[in-house]
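One is the number of the first residue; the rest follow in order along the sequence.
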Amino acid sequence: MEPEKMDENEWNYHGEGNKSLVVSHAQSCVVLRFLKFLPNINKSTEEVYQHLHNILDFGKHIMKQFLGENYVHHGEVVQLPLDFLKRLCLKVQSERPESRCEKEMDVSGYAMCLPNLTRLQTFPFLECRPIFCIEIKPKCGFIPSSAHITKEIKKKVCRFCMHQHLKVAKGKWKRISKYCPLDLFSGNKPRMHFALMNLLQESQNNLKVFKNGELIYGCRDDQEHFLDLNELAHHLKPFFFPASGLISGPQCPKTVVKELIHMLTSVLLNNSTDTARAANIMPIIPLSQGRNYCEASHFCPHLLNSKHATETTGLPTGCILYKTLQTQMLDMLDIEGLNPLYKRVEKYLAEFPEERSTLLLDGPYDETFFEKLKDLSLEDDGSVSYAVTKIQQYRVAMTAKDCSIMIALSPAVQEQCLDPWSVIRSSQSSFIHSVSILDLDLKPYENIPHQYKRDSKIVNHYLKSIKVQEDPVNLYKKSEDCTLLLHKV
């Protein structure tokens with residue numbers, strides 16, 4: 001990429017989150033990621049540069065150690081011409097969703113250049129072939145068991161399922177999703193198939209499908225819109241069933257979607273030869289990691305006791321879901337146990353503000369930072385050092401809880417000599433695949449009080465919701481309404 005030859009017409013709006021905006025190149029398999037700020041916040045060029053370098057260093061030196069070399073792509077910080085940035089900003093402005101325009105794209109001169117993860121990362125020479133990419137945001141895959149938890153419901157129902165009730169009540173989504181992360185992380189194929197089907201049917205912002213880099217299925221930037229599984233099946237049919245006329249009729253879409261779900265399950269359970277450096281310091285996840293079933297899951301409870309549903313349970317230790325779950329489980333105290341430690345550190349910093357850099361709360365994210373994450377002891381000696389270690393582990397865990405898994409697939413040709421680990425097979429075809437992880441920015445230290453309040457709000461709302469549903473008076477009213485409707489006039 002040559003900065004002096006940058007043309008804004010070669011870049012397209014790709015998407016954005018709360019803190020950054022991404023554009024993709026029309027020909028090359030790269031994206032540029034820009035920071036976003038509120039109009040009244042003026043960041044210097046040096047501050048933007050350092051912020052981007054912190055993001056890069058955290059992915060390169062920390063998350064790569066937990067998730068594996070092949071899964072994490074940290075990119076590089078690049079300097080761009082100011083006139084190009086201003087033209088690009090004007091070009092993409094009309095494509096941005098209104099709900100995201102509160103913050104403005106930074107045009108101070110720096111961005112992160114990253115590989116386009118909707119494309120194949122292991123075999124870029126196959127770009128001439130059709131490529132599908134499925135983005136899955138799996139969320140937290142375990143139920144906490146910390147002694148600091150005050151509401152027992154948190155030890156029975158997962159955070160995602162509880163949060164659904166609050167999101168629907170606030171109008172963010174129209175319906176409660178039947179997806180439960182514990183089903184996906186179970187390693188049990190019937191439960192995983194059930195989870196993936198529910199993600200497809202009610203994807204919210206937890207599943208997207210791209211075709212040759214273009215979004216064809218799923219919600220863009222948290223904006224809900226109508227999803228048509230039949231249309232998705234139409235895109236995928238020649239991909240999974242290349243022989244024309246192989247399947248047809250009303251069962252065709254169902255067969256294609258089922259093929260996709262089986263393929264995704266195989267990739268997610270695929271053992272990788274890429275051993276994460278942190279694997280030997282992390283807690284080993286047992287086949288039944290504590291409570292591995294959420295009481296709010298819509299997966300039929302009677303199937304859990306059937307031989308078919310439990311014949312394969314537990315994640316292979318080399319698969320991407322296992323590594324992600326291991327990293328998530330660095331949150332050993334839950335936010336209720338962590339909040340007092342945050343207050344301990346804040347009290348210390350109020351007395352000794354110059355010590356903030358020594359505590360590494362803002363980086364640098366290097367070997368020293370990584371070494372401090374290795375202490376998994378839960379014996380609180382009352383020190384600031386213990387509190388900081390648990391806070392840093394929690395921040396890394398929260399990052400893993402909010403990451404996205406990108407699975408790129410492209411048809412394989414038999415005569416090609418390819419790494420057998422990269423080939424995955426469906427019932428009718430073989431595919432080259434690559435798996436990557438994105439959204440790996442470290443969660444801010446300052447967000448801990450907000451996380452604590454939100455946790456309480458989610459739990460309290462859920463308890464009220466189920467109480468209303470189970471209230472005998474409400475059940476009687478529903479029955480009475482039904483009787484009135486059936487009464488002859």
Side-chain angles (χ1 to χ4, degrees), residues 14-20 22 67 71 97 99-100 117-118 132-143 157-186 191-211 215-229 232 236 257 260-261 263-265 267-269 294 296-299 315 320-321 324-325 327-328 397-409 435-441 443 454 458 462:
H14 189 77
E16 61 187 295
N18 185 44
K19 296 179 180 178
S20 59
V22 178
L67 300 173
Y71 294 133
S99 62
R100 293 293 189 184
L117 297 182
T118 64
F132 279 90
C133 177
I134 298 87
E135 176 183 347
I136 298 172
K137 193 177 278 289
K139 307 304 283 189
C140 181
F142 72 98
I143 288 181
V157 177
C158 79
R159 168 67 172 263
F160 180 88
C161 290
M162 284 196 282
H163 203 178
Q164 282 289 302
H165 288 257
L166 183 59
K167 287 182 175 181
V168 171
K170 284 188 170 183
K172 183 171 184 179
W173 306 117
K174 292 179 181 177
R175 294 167 296 278
I176 289 175
S177 170
K178 293 182 180 179
Y179 167 71
C180 176
L182 268 74
D183 291 330
L184 185 67
F185 280 94
S186 68
R191 287 177 67 185
M192 292 180 73
H193 294 165
F194 183 80
L196 290 167
M197 175 55 82
N198 282 302
L199 270 180
L200 284 164
Q201 291 176 336
E202 200 69 48
S203 67
Q204 296 181 356
N205 62 342
N206 299 306
L207 182 140
K208 296 175 183 176
V209 182
F210 299 85
K211 182 180 181 181
L215 180 69
I216 62 168
Y217 190 84
C219 302
R220 184 185 288 279
D221 302 308
D222 296 351
Q223 298 298 304
E224 188 169 26
H225 65 267
F226 179 71
L227 301 173
D228 188 347
L229 271 175
L232 176 62
L236 293 173
V257 171
L260 172 65
I261 289 171
M263 175 70 71
L264 292 176
T265 304
V267 173
L268 291 171
L269 293 177
C294 168
S297 171
H298 291 260
F299 185 79
L315 294 168
I320 187 60
L321 287 180
T324 304
L325 183 58
T327 311
Q328 291 179 357
M398 291 301 289
T399 300
K401 290 178 186 181
D402 204 35
C403 73
S404 291
I405 298 173
M406 309 289 284
I407 300 170
L409 301 164
V435 180
S436 308
I437 305 179
L438 80 166
D439 295 338
L440 291 176
D441 295 6
K443 298 302 177 183
R454 186 166 70 168
I458 289 169
Y462 180 74

- Message: Among residues at least two apart in sequence or on other chains, which ones pass side-chain contact (heavy atoms from CB on, under 4.5 Å) with Met398?
- Response: Tyr394, Lys401, Lys443, Gln451
- Item | Close side-chain approach of Phe160 to Asn206, heavy-atom, < 4.5 Å | yes
- Query: With no hydrogens and no angle check, is any side-chain donor or acceptor of Thr399 less than 3.5 Å from a backbone partner on Asp441?
  - Reply: yes
- Message: So, taking the atom named CZ in Phe194 and the one named CG in Leu199, what distance separates them when rounded to the nearest 0.5 Å?
- Response: 11.0 Å
- Message: Any heavy-atom pair between the side chains of Leu166 and Lys172 that's under 4.5 Å?
- Response: no
- Task: Starting from the C-alpha separation in whole Å, work towards a yes-or-no answer on side-chain contact (heavy atoms from CB on, under 4.5 Å) for Leu215 and Thr118.
- Result: CA-CA 9 Å; Leu215 180 69; Thr118 64; over 6 Å; no
- For Val267 and Val435, work out which heavy atoms get closest and say how close. CG1-CG2, 3.5 Å
- Give me the ring orientation class for His14 and Phe210: parallel if the planes are under 30° apart, tilted from 30 to 60°, perpendicular past 60°. parallel
- Taking the side chain from Tyr71 and the backbone from Ile405, do they hold a donor-acceptor pair closer than 3.5 Å? no
- side-chain contact (heavy atoms from CB on, under 4.5 Å) between Ile176 and Glu202, worked out: CA-CA 8 Å; Ile176 289 175; Glu202 200 69 48; over 6 Å; no
- Gln328 side chain vs Gly141 backbone, donor-acceptor pair below 3.5 Å: yes
- Query: Are any of the side-chain heavy atoms of Phe185 and Pro138 separated by less than 4.5 Å?
  - Reply: yes
- Is there a side-chain contact (heavy atoms from CB on, under 4.5 Å) between Leu260 and Ile134 once you walk through the steps? CA-CA 10 Å; Leu260 172 65; Ile134 298 87; 4.1 Å; yes
- Message: Can you confirm whether Leu268 sits close enough to Met192 that some side-chain heavy atom of one is under 4.5 Å from a side-chain heavy atom of the other?
- Response: yes
- Query: How long is the gap from NZ on Lys137 to CD on Gln204, to the nearest 0.5 Å?
  - Reply: 13.0 Å
- Item | Side chain Tyr217, main chain Leu200, donor-acceptor under 3.5 Å | yes
- Flag if over 12 foreign heavy atoms under 6.0 Å of NZ, Lys178: no
- Kindly give the heavy-atom pair with the smallest separation between Ala195 and Cys180, and that separation in Å. CB-O, 4.2 Å
- CG-CG distance between Leu321 and Leu184, expressed to the nearest 0.5 angstrom: 5.0 Å
- Query: Would you say the side-chain atoms of Ser177 and Gln164 include a donor-acceptor pair closer than 3.5 Å?
  - Reply: no
- Inter-residue atom distance His163.NE2 - Arg454.CZ, 0.5 Å rounding: 5.5 Å
- Query: Below 4.5 Å, heavy atoms only, C-beta onward: do Leu182 and Ser297 meet side chain to side chain?
  - Reply: no
- Item | Distance (rounded to the nearest 0.5 Å) between His193 NE2 and Thr265 OG1 | 3.5 Å
- Task: Could you check if a side-chain atom of Met406 sits within less than 4.5 angstrom of a side-chain atom of Ile136, using non-hydrogen atoms only?
- Result: no
- Find the distance between CG (Leu207) and CD (Glu135) and round it off to the nearest 0.5 Å. 8.0 Å
- May I have the step-by-step check of side-chain contact (heavy atoms from CB on, under 4.5 Å) for Asp439 and Asp402, ending in yes or no? CA-CA 7 Å; Asp439 295 338; Asp402 204 35; 5.9 Å; no
